[in-house]
Each structure stands twice: as C-alpha cells, then as structure tokens.
Amino acid sequence: GSSVMGLAFDIVIESPDEAFRRASLTAFEALARDEIINPYTFAFFYDDVMVTNGEAQRWGTQGQCMNGRWEIAPVEDQANLDARRQHIGMSSLADTITEESEYCAAN
C-alpha cells in the first residue's frame, strides 16, 4: 500500500548510491503520478537525481546561490515549467527564485 511505498521511497531518497537512485526513477514516477507517494516530494527527488547526473531537471527545484541570487539549474521544457509546478502544488518559478534569492542574500 501507500504506507509501504512511502517508506521505500524514503529509503531510496536517502541512498548514497546514485545508480540505484537513478534506476528507481521510473518506478517511483508512476507511483507519484498515481499519488501513491507524494508527487511534490518526488519532484525534488527527480530533479536532484537529474541535476546530479548532469541532465535537465523537470520541476526547477534545483539551483545554487550565485552572487547573492538563486540561479536555477537547467530545466527541460521551460515554457511549461510553471504548469508542471502548479499541477503538483508548487509555487511559480518566479516566486521560488525570489524566496531562494532572499536566502542567498542572507547567507
């Protein structure tokens, strides 16, 4: 059930084995789509795996502070990014950049 899948997902998220994390994306993506695991959490996991492997992310959750401003890592299909984010309950990219940049400026 969803409780067991949620626990399995938590284990995979924390794994230091990038090949294992990458191999699990397809299975967990289907579970996120069906809301058996949290789609919002899956988005962060997916983006982290992709960026770690030098590929474009899907939801724009990954970036870094550059000169006091948050810079997003490359994203696939940027024209539809905010629609994907909204679909799983995320704020707009512009709002995220503002929030993350405030953090960058403070640190």
Side-chain angles (χ1 to χ4, degrees):
S2 61
S3 296
V4 172
M5 287 298 103
L7 291 172
F9 184 52
D10 289 344
I11 291 168
V12 173
I13 287 173
E14 297 300 327
S15 174
D17 184 342
E18 274 308 312
F20 173 62
R21 288 167 40 98
R22 176 64 185 255
S24 72
L25 284 178
T26 302
F28 284 113
E29 186 168 18
L31 295 172
R33 187 174 37 253
D34 294 341
E35 296 188 8
I36 294 169
I37 62 169
N38 186 317
Y40 188 94
T41 304
F42 174 77
F44 279 89
F45 171 66
Y46 179 94
D47 284 357
D48 181 55
V49 170
M50 298 309 282
V51 170
T52 298
N53 286 282
E55 298 180 49
Q57 59 184 319
R58 185 170 293 159
W59 286 276
T61 65
Q62 304 298 302
Q64 63 183 6
C65 295
M66 302 281 291
N67 301 316
R69 182 164 167 78
W70 190 71
E71 300 288 333
I72 189 172
V75 176
E76 66 182 47
D77 186 22
Q78 185 137 5
N80 294 302
L81 177 59
D82 277 335
R84 285 192 305 277
R85 292 172 63 93
Q86 182 181 22
H87 182 74
I88 61 169
M90 288 184 163
S91 61
S92 71
L93 178 60
D95 288 346
T96 297
I97 289 172
T98 298
E99 292 167 11
E100 294 293 334
S101 292
E102 288 173 5
Y103 170 81
C104 292
N107 291 304

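Note: hydrogens, waters and symmetry copies are ignored here, and every other heavy atom, side chains too, is used.
Minimum heavy-atom separation, V12 to S24: CG1-OG, 3.1 Å. Scanning both residues, V49 and N53, for their nearest heavy atoms gives O-ND2, 2.7 Å.
With respect to R69 and E102, no salt bridge is recorded, no charged nitrogen being found less than 4.0 Å from a carboxylate O.
The closest donor-acceptor contact from the side chain of D47 to the backbone of G60 lies under 3.5 Å. With D48 contributing its side chain and F44 its backbone, the two residues share no donor-acceptor pair below 3.5 Å. Judged by distance alone, the side chain of Q57 and the main-chain N or O of Y46 form no donor-acceptor pair under 3.5 Å.
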For the pair I72 and L81, evaluate side-chain contact (heavy atoms from CB on, under 4.5 Å) and give the outcome as yes or no after the intermediate values.
CA-CA 12 Å; I72 189 172; L81 177 59; 4.3 Å; yes

Worked verdict on Y103 versus W70 for ring pair (Phe, Tyr, Trp, His ring centres under 6.0 Å)
CA-CA 8 Å; Y103 170 81; W70 190 71; over 10 Å; no

Evaluate the side-chain contact (heavy atoms from CB on, under 4.5 Å) criterion for residues M50 and L25: first the C-alpha distance (whole Å), next the side-chain angles of each, then the deciding distance (0.1 Å), finally the verdict.
CA-CA 10 Å; M50 298 309 282; L25 284 178; 3.9 Å; yes

R22 and E55: side-chain contact (heavy atoms from CB on, under 4.5 Å), yes or no, with the steps?
CA-CA 12 Å; R22 176 64 185 255; E55 298 180 49; 2.6 Å; yes

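In this structure, T61 and M90 have side chains that are in contact, with non-hydrogen atoms separated by less than 4.5 Å.
The distance from the CD atom of E71 to the SG atom of C65 is 9.5 Å, given to the nearest 0.5 Å. Atom CD of Q62 and atom CD of E100 lie 9.5 Å apart (nearest 0.5 Å).
T96 and R85 share a side-chain donor-acceptor pair at under 3.5 Å.
The cluster map of Ile, Leu, Val, Met, Phe, Trp and Tyr, joined by side-chain heavy atoms under 4.5 Å apart, puts I88 and I13 in the same cluster.
Applying the ring-ring contact (aromatic ring centres under 6.0 Å, His included) rule to F45 yields the partners F9; only residues at least two apart in sequence or on another chain are considered.
For E18, the CD atom sits in a packed shell: over 12 heavy atoms of surrounding residues, nucleotides or ligands are nearer than 6.0 Å. Sparse packing is recorded around CG of N67, with 12 or fewer heavy atoms of other residues, nucleotides or ligands lying under 6.0 Å away.
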Result block: side-chain N/O donor-acceptor pairs under 3.5 angstrom for residues 29-39, not counting sequence neighbours:
unit_1, atom_1, unit_2, atom_2, d
E29, OE2, R58, NH1, 2.5
N38, OD1, Y40, N, 2.7
N38, OD1, T41, N, 3.1

